[in-house]
Amino acid sequence: DVPKGKAFLVLEGSEHFAIRLNGKKIPAKKAGWYLDHSMHKIALPRLKVGKNTLVLSCSYTDEMQVEDCFIIGDFGVCASTRAITTSSFG
């Protein structure tokens, strides 16, 4: 399965990164924020069935702090099977 709705990359300092999904350049255009104003949401194109490869690259400087990044959307991932689920919970 793939998420039916939009998926976003959440990344701090997105302007410092080149982003590629499945070999295609993704513009680091901010589409809002998530949890913290410094955590930028970047819209991703529709994910494909099977393996998707996300590559982030930057010219690291001492002033940068490399933080965690996330992929968010209206979906979940089963921890035991790694399958994507879009079912409602609760």
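If you read the sequence from its start, that first residue is 1, and numbering goes on from there. Side-chain atoms are counted along with the backbone in the values below, which use heavy atoms only and exclude waters and symmetry mates. If you're wondering where the values come from, they're calculated on a predicted model, not measured in any experiment.
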Minimum side-chain heavy-atom gap L47-L21 below 4.5 Å: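 The answer is yes; the side chains approach within 4.5 Å.
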4.5 Å side-chain heavy-atom contact, E15 and K30: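 They are in side-chain contact.
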So how far is it from [X] [atom1] to [Y] [atom2], rounded to the nearest 0.5 Å?
{"X": "R20", "Y": "T53", "atom1": "CZ", "atom2": "OG1", "value": "12.5 Å"}
{"X": "N52", "Y": "N22", "atom1": "CG", "atom2": "CG", "value": "4.5 Å"}
{"X": "E12", "Y": "S38", "atom1": "CD", "atom2": "OG", "value": "4.0 Å"}
{"X": "S14", "Y": "I26", "atom1": "OG", "atom2": "CD1", "value": "13.0 Å"}

Establish whether [X] and [Y] are linked, either directly or via other cluster members, by ILVMFWY side-chain heavy-atom contacts under 4.5 Å.
{"X": "L56", "Y": "L44", "answer": "yes"}
{"X": "L35", "Y": "V10", "answer": "yes"}
{"X": "M39", "Y": "I71", "answer": "no"}

Closest non-hydrogen atom pair between A43 and A31, with its separation: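 Closest heavy-atom pair between A43 and A31: N-CB, 4.4 Å.
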From L11, I19, L54, I42, residue fulfilling side-chain contact (heavy atoms from CB on, under 4.5 Å) relative to C69: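 The passing option is L11.
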Row check, F8 ring normal vs K41 NZ/CZ: under 6.0 Å, within 45°: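 Yes, K41 sits over the ring of F8.
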D74 side-chain N/O to G5 backbone N/O, donor-acceptor pair under 3.5 Å: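 The answer is no, because no donor-acceptor pair under 3.5 Å joins these two groups.
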